Amino acid sequence: MKIAVIGSGGREHALSWKLAQTLGEDAVFALPGNGGIPNSHPMDINDFEAIQAFCEEKGINYIFVGPEVPLANGIVDFFNQTVIHALGPCKDAAQLEGSKIFSKKFMEKYGVATSPFKTFDKVMDARDTVFKMNGNLVIKYDGLAAGKGVFVCDNVAEAMEALSEMRLQYGEECPFIIEDKIVGDEISIIGFTDGENIKLLLPSQDHKQLNDGDKGPNTGGMGVMCPVPFWNDELAKEINIKIVQPTLRGIREEKMNYKGIIYFGIMIGENGPELLEYNVRFGDPETEVLLPSLKTDLAKVVTACLDGTLGEIELKFHDGYFVDVVQVSGGYPKSYSKGYPIFGLDLVDDAIVFHAGTALKDGNIVTNGGRVLNFVAQGDSLQCAIDKAYEQCAKVSFQDNFFRKDIGQRKYKVVKINALNS
Ligand code: GLY
């Protein structure tokens with residue numbers, strides 16, 4: 001088996017790292033990868049013919065698609081016409097992430113627990129709803145928006161401003177939804193599916209805001225931990241009954257061609273767990289802790305998804321907690337400089353470093369993106385994993401680097417921590 005991982009971030013480094021453990025580094029190619037992923041090759045990830053030509057030249061027979069855009073553009077449908085096996089949903093099923101309207105209607109049809117919503121196709125038409133709901137709502141642009149199409153509002157002024165922003169970004173006539181806001185604790189539940197079964201990885205929690213205390217602008221993710229400290233059998237059961245099983249029923253009944261990753265973005269609020277969104281790919285940075293925590297051979301899981309034999313696989317996990325602290329470029333998520341040398345990588349001896357925005361320049365690793373490096377540590381307790389991740393992170397620096405100091409130390413809003421370190 002030779003496999004190409006499509007994408008260039010920390011997620012794709014973690015995927016390549018995990019696959020290389022059993023397949024060997026020479027059998028895992030990153031397209032385009034980055035400065036820290038072995039066997040990285042420049043590639044436009046939306047040029048499917050170029051990917052096919054590269055795979056044919058290298059004898060690659062599998063591809064693992066990291067990001068959502070090529071999936072929404074039909075990369076799996078394209079490769080289904082070839083002898084190369086591509087892991088991921090077909091274009092139709094990728095709408096579960098690519099269209100908020102499609103996914104909310106799917107949730108409604110199959111009884112997946114989620115907040116009530118209304119659809120719109122003109123910005124002006126939403127004004128009455130905004131006033132009726134006192135602006136306490138969430139506005140979501142229908143299509144993929146690289147994290148920029150969701151507006152969480154507390155009052156009418158914020159909601160009106162969000163509508164203006166929507167008009168500016170997408171025009172007066174654009175599809176979007178307005179839904180009730182759920183206040184609570186957000187978690188990511190990510191698993192594999194072969195279209196008939198879903199096998200879940202450990203529950204994880206992203207830290208999306210830039211600054212400590214969940215303040216500041218939204219980012220791609222400043223850190224993550226798994227499992228979440230409040231996880232217990234009761235919560236797992238509730239999520240399975242209210243969200244995972246109805247989703248699987250929908251995938252089966254709609255006869256979706258879906259062999260890949262399914263990601264449930266869940267809010268645990270006063271009504272218990274409710275689904276905020278689906279993603280049809282691994283999360284970033286969630287993957288950077290989920291794959292180190294997975295004992296099972298990822299290559300075997302990939303082939304089981306594609307063969308329809310996922311039901312025969314039992315996922316096994318390492319003990320303890322996993323914490324990832326992300327170092328970013330100063331200025332991120334707005335504008336930032338690139339090309340700064342990175343110092344101290346060779347000093348890291350008790351964490352995995354997954355590269356995100358890095359490049360190789362004259363044989364040296366330099367910064368090349370907003371999120372630059374992930375420092376992933378394992379500990380018997382959550383605190384131990386946190387301490388280790390920060391200790392290792394402190395050994396590495398570059399000009400204007402920045403990271404949150406409170407990953408894994410969140411105060412929970414709704415759930416009670418009753419399983420911490422048990
Ligand atoms: N961590 C959030 C995402 O990957 O969408």
Side-chain angles (χ1 to χ4, degrees), residues 5-15 18 34 45 64-72 87-89 94-100 103 138 140-152 182 184-192 200-211 214 216-228 243 247 260-268 275-293 322-328 332-333 354-357 369-376 403-404 407-408 410:
V5 174
I6 310 295
S8 62
R11 167 181 53 204
E12 286 74 24
H13 194 175
L15 284 165
K18 180 71 181 163
N34 61 39
I45 61 171
F64 196 128
V65 187
E68 62 277 19
V69 173
L71 291 167
L87 186 77
Q95 288 182 94
L96 284 175
E97 176 167 359
S99 165
K100 300 291 177 217
S103 66
V138 182
K140 291 181 177 171
Y141 173 63
D142 181 52
L144 290 178
K148 296 194 178 82
V150 176
F151 305 86
V152 181
I182 314 169
D185 302 296
E186 191 173 345
I187 58 170
S188 307
I189 301 289
I190 299 176
F192 300 94
L200 298 177
L201 292 157
L202 296 180
S204 57
Q205 189 171 52
D206 193 358
H207 295 59
K208 288 182 177 153
Q209 274 82 25
L210 181 68
N211 298 319
D214 297 326
N218 246 332
T219 70
M222 297 295 292
V224 60
M225 67 173 154
C226 86
V228 290
I243 296 172
T247 299
I261 308 304
I262 182 145
Y263 169 144
F264 303 92
I266 292 172
M267 187 69 88
I268 305 162
L275 187 63
L276 297 176
E277 62 175 6
Y278 293 111
N279 293 319
V280 296
R281 39 124 189 126
F282 262 119
D284 192 349
E286 288 92 332
T287 314
E288 287 91 310
V289 289
L290 292 178
L291 294 183
S293 74
F322 293 77
V323 168
D324 174 19
V325 176
V326 182
Q327 280 205 20
V328 302
Y332 173 78
F354 290 127
H355 290 232
R371 287 188 291 172
V372 178
L373 294 164
N374 298 265
F375 296 84
V376 180
F403 54 92
R404 268 179 72 155
I407 302 301
R410 187 171 269 143

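Below, each value reflects all heavy atoms present in this structure, side chains not excepted, and no hydrogens, waters or symmetry copies. For ligands, and for the atoms within them, numbers begin at 1 and follow the listed sequence. This structure is a prediction, so every number in the text was calculated from the model and none was measured.
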Item to complete: Could you tell me the separation between the NZ atom of Lys140 and the OG atom of Ser103, rounded to the nearest 0.5 Å?
Response: 7.5 Å

Practice prompt. Specify the closest pair of heavy atoms between Tyr141 and Lys100, including all atoms of both residues, with the distance to one decimal.
Written response: O-CG, 3.2 Å

Response to the item:
Counting heavy atoms under 4.0 Å, the part of Phe282 that contacts ligand 1 is neither

Practice prompt. For Glu286, take its heavy atoms, then give the atoms of ligand 1 lying under 4.0 Å from any of them.
Written response: 1 (N), 2 (C), 4 (O)

Discussion item. Tell me whether Asp284 has any N or O atom under 3.5 angstrom from an N or O of ligand 1.
Written reply: yes

Worksheet item: At a 4.0 Å threshold, what atoms of ligand 1 neighbour a non-hydrogen atom of Gly283?
Response: 4 (O)

Item to complete: Would you mind checking which non-hydrogen protein atom is closest to atom 2 (C) of ligand 1, with the distance to 0.1 Å?
Response: Tyr263 OH, 3.3 Å

Worksheet item: Taking C-beta and beyond as the side chain, do Leu276 and Ile266 meet within less than 4.5 Å on heavy atoms?
Response: no

Discussion item. Below 4.0 Å, non-hydrogen atoms only: which portion of Arg281 touches ligand 1? Side chain, backbone, both or neither.
Written reply: side chain

Worksheet item: If you count the atoms of ligand 1 from 1 in the order shown, which ones are under 4.0 Å from a heavy atom of Asp206?
Response: 1 (N), 2 (C)

Fill in: Heavy-atom donor-acceptor pair, Arg371 side chain to Gly220 backbone, under 3.5 Å
yes

Discussion item. Quick check: closest heavy atoms across Ser8 and Asn34, and the distance to 0.1 Å?
Written reply: O-ND2, 3.1 Å

Discussion item. Please classify the Asn279 to ligand 1 contact at 4.0 Å (heavy-atom distances, strictly less than): side chain, backbone, both or neither.
Written reply: side chain

Worksheet item: Between Val280 and Glu97, which heavy-atom pair has the shortest distance, and what is it?
Response: N-OE1, 2.8 Å

